[in-house]
Each structure stands twice: as structure tokens, then as C-alpha cells.
Amino acid sequence: MIEWVSLSTGARPVPRRVPTPLVWAAAFGGALLLVALLNALAGPDRPSLALAGFSLLAALLGLCARFTAAPGTAVLCWLFLNGFAIPPAGTLTWAGHRDTYWLTCLLAATLIGTALARLTHARAAYRRVTAGIGPAATEPDHEPRGC
């Protein structure tokens with residue numbers, strides 16, 4: 001009789017989070033590339049498109065980051081959004097409601113990305129644990145068969 005055996009040995013660990021300085025370096029480089037891409041393709045007069053692009057970048061960076069990296073990631077994305085993606089380029093300005101809204105959107109995107117990654121990893125770990133407890137993992141009842 002063939003018996004199927006799992007090749008994995010033990011529980012798989014939850015993936016480690018990327019260190020915060022590496023996330024911030026990726027935010028710096030990604031924001032720089034995103035500004036160049038947005039300015040080349042769409043032009044600098046599209047702040048809503050730029051905010052959507054930076055929010056997506058922040059959410060993607062949040063997928064591999066710790067929660068403590070979220071504020072710095074949001075601020076780095078906001079600096080590039082405010083300084084280079086909207087006119088006047090190269091000038092950092094503060095327009096009360098607009099910039100508060102932008103910072104809130106970027107921080108929320110980063111936190112949503114991080115929370116989504118945590119929930120996905122927790123769900124996968126729960127499935128691994130419950131798969132070991134289910135009826136397939138228990139020993140089958142071997143009743144003697146009459147000859």
C-alpha cells in the first residue's frame with residue numbers, strides 16, 4: 001500500500017519583515033522612479049494620478065514592512081509627491097488641507113498593505129495548523145478484516 005507523506009519537515013515560519021532602513025531606501029528609490037515616470041508620461045499637472053501612484057507604491061512597500069516603517073514611508077512618498085510630482089517642481093510647500101489629506105492617504109495605504117500582509121500570513125499559518133489537526137492527519141482505524 002502506498003502512503004503519502006508530506007516532504008516538509010515541521011511548521012514553516014512566518015516570513016520575516018524587511019528591516020525599516022531597507023524599506024525606506026526602497027521608498028526613496030521607488031518614489032524617484034515614480035516621479036520620473038509620471039512626469040514623462042502624464043505630466044506634472046495631474047496630482048490625483050500622482051497621489052494614486054504614490055499610494056500604490058506605499059501599499060506595495062507596506063506588504064513587506066513592519067508597522068513601525070509606515071510613518072517614514074508615508075513621509076518619504078509625500079516629500080517626493082509634494083516636491084517633484086506637482087508644480088512648482090523642486091519646491092516643498094504646505095497647503096493645509098491638501099497635504100494633510102495626502103499624508104493621511106499615504107499612511108493609510110502603507111498601513112493597509114502591512115495589515116493585509118499580516119492577515120495573509122496569519123491565515124496561511126492557521127490553515128497549516130488546522131490541516132494537521134483534521135481527520136486526514138489522524139491515524140485511520142484499522143479494523144481486522146475477516147478472511
Inter- and intrachain pairs under ring pair (Phe, Tyr, Trp, His ring centres under 6.0 Å), touching residues 26-62, at least two apart: Phe28-Phe80
Partner residues of Trp78 under the side chain to side chain donor-acceptor pair (under 3.5 Å) criterion, sequence neighbours left out: Asp99
Would you check if the side chain of Thr110 reaches a backbone N or O of Gly62 as a donor-acceptor pair within less than 3.5 Å? no
Do Thr68 and Arg17 touch side chain to side chain, with heavy atoms closer than 4.5 Å? no
Do Leu103 and Ile86 share a hydrophobic cluster, counting only Ile, Leu, Val, Met, Phe, Trp and Tyr and linking them when any side-chain heavy atoms are less than 4.5 Å apart? yes
Between CG on residue Leu116 and NE2 on residue His121, distance to nearest 0.5 Å: 9.0 Å
Separation between CG (Leu61) and CG (Leu56), nearest 0.5 Å, reads 9.5 Å
Where do Thr114 and Ala65 come nearest, in terms of heavy atoms and distance? CG2-O, 3.5 Å
Given Val35, which of Leu32, Leu38, Asn39 fulfils the side-chain contact (heavy atoms from CB on, under 4.5 Å) condition? Asn39
Apply the hydrophobic cluster definition, ILVMFWY joined by side-chain contacts under 4.5 Å directly or through others, and give me every member besides Leu107. Phe67, Leu111
Does Leu81 share a hydrophobic cluster with Leu37, counting links as ILVMFWY side-chain heavy atoms below 4.5 Å and allowing steps through other members? no
According to a 4.5 Å side-chain heavy-atom criterion applied to Ile, Leu, Val, Met, Phe, Trp and Tyr, with indirect links allowed, do Leu106 and Leu79 form part of one hydrophobic cluster? yes
What are the two closest non-hydrogen atoms of Ser55 and Ala109, and how far apart are they? O-CB, 3.4 Å
Restricting to pairs with a member in residues 100-120, which pass ring pair (Phe, Tyr, Trp, His ring centres under 6.0 Å), not counting sequence neighbours? none
Quick check: closest heavy atoms across Thr93 and Arg98, and the distance to 0.1 Å? OG1-NH2, 3.6 Å
Identify whether Leu33 and Phe84 are in the same connected component of the hydrophobic contact network (ILVMFWY, side-chain heavy atoms under 4.5 Å). no
Residues two or more places apart in sequence or in another chain: which of them pass ring pair (Phe, Tyr, Trp, His ring centres under 6.0 Å) with Trp24? none
Sequence neighbours excluded and cut-off under 3.5 Å, please list the side-chain donor-acceptor pairs for residues 40-53, or say none.
none

